[in-house]
Amino acid sequence: MDNCIFCKIINKEIPSTVVYEDDRVLAFKDIQPVAPVHVLIVPKKHIPSVKDIQPGEEGYLVDIHKAAVKIAQELGIAENGFRLINNCGKGGGQTVFHLHYHLIGGAELGAKLI
Ligand code: AMP
Ligand code: ZN
């Protein structure tokens with residue numbers, strides 16, 4: 001997708017610090033981390049948000065969750081715990097409209113909304 005920053009990262013047109021990659025998903029460090037570990041996990045297919053997932057694309061959610069656990073284990077935050085967050089739509093706080101999950105951990109996380 002033209003003009004999508006995460007598609008450009010996936011296509012290696014702009015740099016990122018990749019922490020995990022397979023044929024379906026890419027994970028890279030957030031440029032404005034809110035915790036010692038702050039990784040974005042994205043499908044390699046351009047899907048704008050979780051509400052835009054089409055029939056047949058649901059598997060990306062499983063892939064993203066599996067990647068999150070693997071990355072959390074590799075980065076040493078799985079045992080203590082982590083958060084996996086999706087912001088959906090402008091009202092949900094989404095600013096980049098390529099589906100992504102924030103994997104956050106490595107510190108005691110405060111400020112829970114729920
Ligand atoms: P959201 O507000 O849920 O859409 O999250 C978008 C996230 O993308 C923010 O946490 C940004 O810091 C992050 N971000 C934006 N541009 C880049 C980039 N070029 N590389 C890594 N992270 C980015
Ligand atoms: Zn995209």
Side-chain angles (χ1 to χ4, degrees):
M1 165 70 75
D2 291 347
N3 283 329
C4 170
I5 193 161
F6 289 175
C7 282
K8 287 182 178 157
I9 287 174
I10 290 162
N11 294 328
K12 310 281 169 29
E13 291 166 19
I14 63 169
S16 71
T17 305
V18 171
V19 299
Y20 175 82
E21 180 166 18
D22 64 27
D23 58 334
R24 305 254 304 165
V25 305
L26 181 74
F28 51 92
K29 290 187 179 176
D30 196 295
I31 39 164
Q32 290 189 292
V34 300
V37 172
H38 186 170
V39 169
L40 300 173
I41 309 170
V42 307
K44 286 192 170 176
K45 180 172 187 177
H46 182 84
I47 300 170
S49 79
V50 75
K51 70 178 162 48
D52 300 303
I53 291 172
Q54 301 299 310
E57 294 176 341
E58 302 91 341
Y60 282 113
L61 298 177
V62 175
D63 299 331
I64 288 168
H65 279 75
K66 282 184 174 174
V69 171
K70 202 177 279 187
I71 295 161
Q73 287 168 341
E74 283 171 6
L75 297 183
I77 60 167
E79 193 176 340
N80 190 46
F82 55 85
R83 275 188 204 149
L84 195 56
I85 298 168
N86 171 254
N87 297 321
C88 180
K90 197 163 166 279
Q94 186 176 5
T95 59
V96 177
F97 290 87
H98 180 127
L99 175 63
H100 56 279
Y101 280 72
H102 300 255
L103 170 64
I104 293 166
E108 292 305 314
L109 302 172
K112 291 210 299 181
L113 285 178
I114 54 163

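Remember, it's 1-based here, ligands and their atoms both numbered in the order they're listed.
- Atoms of ligand 1 lying under 4.0 Å from at least one heavy atom of Lys29, given by number and element, are 21 (C).
- Between the Asn80 side chain and the Ile77 main chain, no donor and acceptor come within less than 3.5 Å of each other.
- A distance of 14.0 Å separates CG of Leu26 from CZ of Arg24, quoted to the nearest 0.5 Å.
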(message) Determine whether Val50 and Tyr60 satisfy the following criterion, side chain to side chain contact (heavy atoms under 4.5 Å, CB included), listing intermediate values before the conclusion.
(response) CA-CA 10 Å; Val50 75; Tyr60 282 113; over 6 Å; no
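- The Gln32 neighbourhood of ligand 1 comprises atoms 12 (O), with distances under 4.0 Å to a heavy atom of that residue.
- Residue contact check for ligand 1: Ile9 places a non-hydrogen atom closer than 4.0 Å to it.
- Distances from the Zn ion (ligand 2) to each N, O or S atom of His46 single out ND1 as the nearest.
- Looking at heavy atoms from C-beta onward, Gln32 lies out of side-chain contact with His38 at the 4.5 angstrom threshold.
- The shortest side-chain heavy-atom distance between Tyr101 and Leu61 falls under the 4.5 Å cut-off.
- Neither the backbone nor the side chain of Asn86 has any atom closer than 4.0 Å to an atom of ligand 1 (non-hydrogen atoms only).
- Counting heavy atoms closer than 4.0 Å to ligand 1, residue Val34 contributes nothing at all.
- Those atoms of ligand 1 that come under 4.0 Å of a heavy atom in Leu40, given as number and element, are 8 (O), 13 (C), 22 (N).
- Residue contacts with ligand 1 include Gly93, since one or more of its heavy atoms lies under 4.0 Å from the ligand.
- Rounding to the nearest 0.5 Å places CG of Asp52 at 7.0 Å from CD of Gln54.
- Considering only heavy atoms from C-beta on, His102 comes within 4.5 Å of Leu40 through its side chain.
- Taking atom 23 (C) of ligand 1 as the reference point, the nearest protein heavy-atom neighbour is Ile31 CG1, 3.2 Å.
- Results of the side chain to side chain contact (heavy atoms under 4.5 Å, CB included) test with His98 over Ile47, Ile10, Ile5 single out Ile10 as the only residue that passes.
- The shortest side-chain heavy-atom distance between Leu75 and Val39 falls under the 4.5 Å cut-off.
- His98 contributes atom ND1 as its closest N/O/S atom to the Zn ion (ligand 2).
- Remark: ligand 1 and Asp30 share an N or O pair separated by less than 3.5 Å (distance only, no angle test).
- No N or O atom of Gln94 sits closer than 3.5 Å to an N or O atom of ligand 1.
- In this structure, Phe97 does not count as a contact residue of ligand 1, since none of its heavy atoms falls inside 4.0 Å of the ligand.
- Considering both main-chain and side-chain atoms, Ile14 never comes within under 3.5 Å of ligand 1 through any nitrogen or oxygen pair.
- Looking at His100 against ligand 1, only its side chain comes within 4.0 Å, counting heavy atoms.
- Counting atoms of ligand 1 from 1 in the listed order, those under 4.0 Å from a heavy atom of Phe6 are 8 (O).
- Every atom of ligand 1 is numbered from 1 in the order shown, and the set under 4.0 Å from a heavy atom of His102 is 1 (P), 3 (O), 5 (O), 7 (C), 10 (O).
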(request) Apply side chain to side chain contact (heavy atoms under 4.5 Å, CB included) to the pair Leu99 and Asn86, showing each step before the final yes or no. (result) CA-CA 8 Å; Leu99 175 63; Asn86 171 254; 3.7 Å; yes
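- Close contacts of ligand 1 with Thr95, meaning ligand atoms under 4.0 Å from a residue heavy atom, involve 1 (P), 2 (O), 4 (O), 5 (O), 6 (C).
- Note: Phe28 and Phe6 have perpendicular aromatic rings, judged against thresholds of 30 and 60 degrees for the angle between ring planes.
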